[in-house]
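Notes follow the structure.
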Amino acid sequence: MRFPTLLTTRALALVFIGLAACSDDDPASPPTVDPPLGLQVTATGSGSIRVAFNGRAADDSYTLERAEGSGTFASVTTINAPATDGVVTYDDTGLNVQTAYTYRVKATRGSASSSYSSEQATTTLPLGAFTRTVTGDITANTTWYRDTTYTISGFVHVANGATLTIESGTTIKGDFNTLGSSLFVLRGAKIMAIGTAAQPIVFTSSQAAGQRKPGDWGGLIIVGNAVINRTGVEVEIEGTNTAAGTTPGTNYRVLYSGGTTPTDNSGELRYVRVEYAGYAPSVNNELNSFSFAAVGSGTKLSYLQAMAGLDDSFEFWGGSVDATNLVSYEAGDDHFDMSEGFNGRLQYVIALQTARLTQRTGSGSPSSDPQGIENDGCEGAGCTNGRNTTPFTSPVVANFTLIGTNDVATSGSSGGVGMMLRRGTAGFYVNGLVSRWPRAAISLRDAETFARAATAITPDLATTDLAVRNVLIAESPLAFQTGTGQNAFDLATNGITQDAALTTALFTAFPATIGTTTTAAALDWSPAAGSPAATGGLATFTGKLATAAGTAVTATAYRGAAAPGGTKWWLGWTIYAQQ
Amino acid sequence: MNRFAFVFSLLLLPAPLLRAQEAAPAAPTGRIVGRILDAQSGQGIPQVTIQVVGTRLGALSGVDGRYTITRVPAGTVTLHVRLIGYGPKTVTGIMLDANKSTEQNITLDQATVTLAASVITADAARGSSAEALNAQKTATGIVSGITMEQISKSPDSDASQAAQRVSGVTVQRGGSLFVRGLGERYTTTQLNGTRVPSPEPEKRTVPLDLFPSSLLETITTAKTFTPDQQGDFSGAQVEIKTREFPAIRQYTLSTTAGYNAGATGSEVLTAFTAGGERLANVGDKRNLPSIIRSLGNFQGINLTQGDENLLINQFRNAWTPSAKTAAPNSSTSFSVGGNDPILGQRIGYLLSGTFSQSTDQRSGLVRALANRGDTPGSTVEQDRFEGESGSTSVIWGGLANFSTLIAGHSRLMFNNTYSRTADNDARREYGFFENEGFNARIDRQQYVERSVRSTQVAAEHQFGEAHRFDWALTSSGVSRDEPDRTEFVYVVEPGPGGSDVLRWHNSSNAGAVRTFSSLSEDNREGRLNYQLNFGALGRQHYIKAGALHRETQRDADTRAYAITAPSATNAIRELSPEELFDGRLTGANDSLLHIIPLAQGGSYVAKDRLSAGYLMAEIGLTDRLRLITGARFESDRLSVDATSTLGQPVGTENDWSDLLPSAALNVSLSEYQNLRLSVSRTLARPEYRELVPIKSRDVLNGDDLEGNPDLQRTRIDNVDLRWEWYPASGEVLSIGLFAKRFDQPIERVYRAAGASSRFIGFVNAESAENYGVELEARKGLAFMGRLFEPLSVFSNLTLMRSEIDLGSNQSAATNPKRRMVGQAPYVLNVGLAYASLSGNTSATILLNRVGDRIEAAGDLPLPDVVQQPRNVMDFSLRFPVLGSLSGRFDAKNMLDEPFKTVQGTVTREYWQAGRTFQFGLSWKN
């Protein structure tokens with residue numbers, strides 16, 4: 001049947017020859033022969049390294065070469081090209097324990113060879129240690145012990161009312177090779193992850209240290225039964241629902257709408273660190289380091305750090321959970337993101353951004369509008385009254401220290417605001433320190449947001465739902481962003497001061513250059529002697545602020561996340577690393 | 001052509017030629033061909049004696065009632081036709097020229113009480129709208145149609161425009177059809193009796209603009225199901241028949257030149273070309289560079305900066321549309337058709353080809369999203385973008401159809417069609433992007449190439465009066481390629497000195513994107529039908545049985561890549577894209593640019609195997625009452641295997657078996673009035689893409705879209721009632737009522753995901769109901785006086801209501817009770833036609849209006865997105881020029897009313913297409 005069709009096609013095409021004068025914009029580019037791309041080496045044991053690179057069917061074979069330590073390269077093996085384009089792996093075994101090896105590879109096609117690929121190095125693992133890979137869902141009470149390294153492979157859900165208890169000092173790895181590997185704690189289930197400053201619980205990438213990147217794995221997601229302000233529709237966790245059905249261990253749909261219990265209890269997280277999370281299982285839907293969806297106030301959150309996640313560090317969709325002592329070092333998107341009627345209270349909060357992150361290839365990408373805090377009122381389906389939908393997003397955020405990159409070029413094409421308050425959000429933001437945000441320290445965006453403050457440049461704490469009080473602003477060109485839809489509070493009457501002091505002078509220790517060699521020990525967030533952060537706080541809460549703060553938040557005479565001469569609460573359990 | 005004829009003649013069976021009796025007069029002679037039809041059933045009648053009065057010439061009709069009488073003396077001829085059981089008929093006044101053929105179809109009425117002979121005069125106009133009405137009058141089910149003559153009289157250049165003239169039909173953007181406002185899901189399209197695969201990934205549609213109107217014989221729309229039709233008939237079936245050959249050899253050549261009031265001669269935004277776009281055949285010139293393709297989804301490997309630079313350099317450095325002066329629109333088409341003896345066998349043929357190109361511009365484009373207002377039920381505008389677009393389109397195609405009669409009892413056909421289109425679009429927009437709070441400029445270039453092919457061998461066999469077989473083997477395919485789409489986003493920022501500066505949206509994975517999509521689908525189908533006629537003469541019955549098997553495979557693939565530069569300085573961001581990607585930033589020591597494979601895409605393979613069989617009977621209960629009843633069984637196995645760019649593979653497999661009964665009662669109230677009642681069950685199966693649970697961007701409107709592998713097929717119960725009156729030749733008045741109940745209809749809905757992501761999903765609603773009334777009228781104005789004799793008016797109007805009940809399916813974020821998506825409350829066509837008494841000059845003016853309909857159900861609490869009604873008026877004129885040369889003038893979209901969709905108070909989309917004027921010449925021999 002094809003034969004006459006082709007003939008027909010050609011016969012007809014002939015008719016139109018002559019109608020087809022060509023004057024096209026550019027000719028096709030010539031074909032190129034290239035070295036193998038994407039060489040990757042991973043230590044898989046004390047005597048083995050897995051080598052992977054991209055193979056092409058058009059090649060004949062590849063020559064793999066290895067050098068031990070600083071030695072010279074020698075051929076290891078010749079690997080045939082794959083039948084179809086795709087990843088070629090080779091397990092190099094019989095290697096020495098804890099020894100560095102460097103690899104390179106070249107392609108052969110007929111009599112021609114390519115140049116060498118890039119060189120990649122890794123070190124074989126030490127002897128010993130327990131490991132366990134966790135797949136499927138956890139549906140019965142389970143304890144994870146500190147003598148074992150757990151690898152979460154796939155979308156692991158704590159479900160069916162089970163409690164997952166994690167001993168202090170336990171390391172949990174998200175499997176790099178199973179895309180999007182994440183730990184979900186579903187409604188009714190609990191996580192009891194109580195570490196100590198000396199023995200924090202660490203969630204990180206399964207890649208070897210030094211090769212970890214933002215987006216290596218998914219993240220930690222907790223879903224509760226508290227209230228969100230989107231009603232009448234089912235709302236799912238962004239990034240879930242890439243798998244149909246409810247097969248355990250797959251990325252099935254996880255809903256968090258419809259909860260009715262503000263005091264719901266999802267367990268406790270204390271001294272927990274989440275590193276290199278943020279994989280995007282679907283378009284533009286990166287997972288966050290910590291996701292709290294409709295989590296109730298029975299849940300306890302304290303001493304949590306997110307490090308180099310590809311999306312937000314801490315995201316709260318609705319719910320009423322309180323949290324203290326939160327640290328976010330380097331984020332792909334926002335450090336703190338609250339929306340959908342979240343009304344918990346956060347105190348002692350640190351965010352530090354110094355650079356744009358470079359993500360794991362193919363995992364999504366850093367946001368083009370990263371901010372320190374990004375709070376939304378209501379957005380999306382189910383916002384019955386649009387941005388005026390109640391309950392409002394109305395957190396109390398107290399004693400926050402938000403440090404940006406001080407550089408537009410590393411703040412995303414449209415980000416770089418310390419506190420983005422928009423789309424009708426309410427809340428009280430007091431005793432903070434906002435520095436180095438190149439677009440503005442604060443954005444009070446949209447009429448509905450301003451309406452939360454009764455459209456007053458000095459909101460009355462007795463009557464309004466939104467106020468920004470006693471905030472120290474440094475190294476930011478604008479206190480309040482200007483432009484379409486932007487509003488501003490009066491600085492003086494709200495205790496907001498724009499200080500000339502450099503960020504480096506505000507704290508006891510803040511390196512002039514923060515880079516790949518910086519460690520957490522180099523950062524001391526206590527106010528330096530004479531720092532304007534040591535004073536200027538709102539020491540007494542009144543009106544709606546006092547009601548909202550209750551006993552969960554303490555009024556302080558200082559601004560920022562650390563008291564002058566107080567406990568260095570971040571010390572010991574947080575880390576800082578660029579990649 | 002000879003080659004085809006040769007190949008074709010090899011297929012012929014050596015058959016004894018049962019020729020008509022022939023005389024050998026010396027005088028000049030001609031040929032008469034035609035069909036003898038049953039006036040009641042519309043079916044061809046074999047074994048009818050046809051005699052040329054006053055001579056010994058004559059013939060017996062063969063398969064399908066066809067006959068040929070050769071060597072008839074030229075002049076005015078009278079035919080006498082007779083068959084026992086039918087009233088004899090004499091046709092006078094047939095004009096036969098020497099060495100020419102003339103076509104004469106004759107209907108016979110079944111004899112009732114008396115055998116009254118009738119005499120009629122050959123009508124001057126043949127193959128006219130009267131013929132379409134005749135087909136409508138005699139059809140078993142409820143059909144509406146338009147013929148070649150109507151198409152050529154209208155300004156329509158392709159099938160989609162022509163189809164709007166059919167009663168109850170709504171033509172969608174993109175050329176797909178809605179019948180009775182039911183949506184393309186419930187409308188199927190057949191070409192010469194065989195299903196045409198859809199080139200759109202997630203829609204069941206055949207863009208009819210692939211079929212130039214000059215290749216069409218008829219477009220008919222069947223609205224009631226009979227068991228010999230395919231079960232996923234759903235609501236309606238559009239049947240496109242390509243032209244058969246004329247009785248005498250005829251050449252036509254026509255060309256047109258057109259003027260688009262908005263585009264021609266103006267500067268129009270123009271997308272880049274790589275070569276081949278002008279023939280809709282770019283081949284591999286725009287393909288994804290193989291080294292990038294070889295990397296798959298970039299997973300499991302570790303690209304170095306050098307690797308990334310190398311990859312980025314592979315893309316064609318073309319991002320910014322240019323402004324070029326638009327050329328006038330033009331089209332050329334030719335055809336040759338005839339009926340010649342080849343190797344002793346008379347073979348009919350039609351070869352035809354057409355090529356047209358046009359440039360359109362849309363200025364004043366507006367698109368915006370709606371957001372919830374501060375008070376319940378209110379809407380506010382968000383993300384409003386304004387801009388312009390330019391589009392260059394090419395359509396070419398042709399057909400090669402051959403047919404022959406063997407021994408009077410068999411007819412063998414070999415039909416080929418092929419058609420290709422290309423649309424090269426460029427679009428530029430400015431607007432405010434709320435989510436990230438900046439002013440943006442977006443440049444986009446999109447090239448889409450589509451093809452449809454079909455090759456068919458078919459035959460009809462008549463054995464005596466009782467047995468009739470027909471069969472067909474068809475291979476068909478479609479493709480839709482969208483290679484190398486580009487998107488580039490600028491942030492418009494206040495620069496030094498107060499003027500705006502354009503800076504690349506460098507840190508977003510939407511800032512610079514290249515997308516490569518392809519889809520191809522192949523179908524193989526075989527079908528066989530047998531019909532047994534029996535019963536007393538004058539009250540014939542028949543039983544019909546048949547089977548069909550079809551196998552379909554579709555392969556679709558989409559890959560998208562973003563280039564970002566997260567740490568670019570403002571100086572770099574201010575470079576043009578062509579500067580950014582000319583290699584200056586991808587040198588050996590550069591580490592600025594990154595390439596990211598986007599998750600929006602993936603691939604899927606769908607395999608569909610359908611086996612069906614049916615048994616039906618048409619029984620003449622009385623002279624005036626006919627019952628058509630039967631059932632069809634269909635078994636369908638559909639499997640879809642999908643892999644998203646970054647996710648795991650997902651598969652789904654469904655086995656659906658259904659029994660589809662139907663019954664219809666046709667009452668012939670009088671010779672000119674029919675009443676029809678029909679009850680049936682039909683199906684609608686999910687589209688392949690709808691079963692694919694991976695998220696991708698909708699290629700049509702930019703929303704993310706995700707399939708649902710749990711979808712089930714829809715079962716539809718239909719009831720139709722229609723009264724028709726044919727007061728005179730070419731005139732009709734009909735009223736139809738219809739009601740449908742849908743069990744588990746598939747609805748395209750918004751799904752509620754996280755805060756910022758809206759996406760379209762598919763769910764089975766619980767049920768839906770649809771009912772309405774159709775009116776059709778066509779009337780000559782001769783009764784108003786001789787002056788009005790050349791004029792006729794026609795109109796069709798459909799009024800309908802529907803309600804969907806989503807039931808407990810809470811996956812949808814839309815109102816659970818509302819109209820069905822895509823349903824229009826009314827469709828109106830009104831026209832006035834003029835045909836000069838000499839038949840040489842004709843003119844038509846047409847007005848079309850479609851009621852407001854839901855384009856997308858709004859995500860709660862937003863109201864639905866509604867496409868506004870729009871009046872479209874077209875005018876066409878055909879006039880003689882000189883000899884066999886005729887002229888045409890067409891004015892399209894004369895009112896230029898805007899296309900507008902609204903959501904609450906927000907205008908979601910707005911544009912004007914512009915008026916077009918076209919002048920053409922046709923030569924016919």
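Quick note on labels: first sequence line is chain A, next is B, and so on, each numbered from 1.
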For the side chain of A:R56 and the backbone of A:D34, is there at least one donor-acceptor N/O pair under 3.5 Å apart? yes
Select one option (side chain, backbone, both, neither) describing which atoms of B:T304 are under 4.5 Å from chain A's heavy atoms. side chain
Heavy-atom proximity to chain A below 4.5 Å, by part of B:Q305: neither
Quick check on A:R439 against chain B: is it the side chain, the backbone, both or neither that has a heavy atom closer than 4.5 Å? side chain
When the 4.5 angstrom heavy-atom criterion is applied to A:D446 and chain B, the contacting part is side chain
Do the side-chain N and O atoms of A:S443 and A:Q486 include a donor-acceptor pair separated by under 3.5 angstrom? yes
Can you tell me which portion of B:P709 sits under 4.5 Å from chain A's heavy atoms? Options are side chain, backbone, both or neither. side chain
Proximity breakdown for B:Q357 and chain A, heavy-atom pairs closer than 4.5 Å: neither
Chain A contact via B:F433 - side chain, backbone, both or neither, heavy atoms under 4.5 Å: neither
Whatever's closer than 4.5 Å to a heavy atom in chain B on A:N177 counts as neither
Select one option (side chain, backbone, both, neither) describing which atoms of A:Q371 are under 4.5 Å from chain B's heavy atoms. neither
Between A:D333 and A:S367, is there a side-chain donor-acceptor contact under 3.5 Å, judged purely by atom types and distance? yes
Please work out whether the ring planes of B:H505 and B:F438 are parallel, tilted or perpendicular, with thresholds of 30° and 60°. tilted
Below 4.5 Å from any heavy atom of chain A, which atoms of B:R503 appear? Answer side chain, backbone, both or neither. neither
A:L39 portion near chain B, given a 4.5 angstrom heavy-atom threshold: backbone
Taking side chain as everything from C-beta outward and backbone as N, CA, C, O, which of these in B:L311 sits under 4.5 Å from a heavy atom of chain A? Side chain, backbone, both or neither. side chain
Cut-off 3.5 Å, side chains only: do A:E448 and A:N388 have a donor facing an acceptor? no
B:N506 versus chain A, heavy atoms under 4.5 Å apart: side chain, backbone, both or neither? both
Flag for B:R372-A:T384: side-chain donor and acceptor within less than 3.5 Å: no
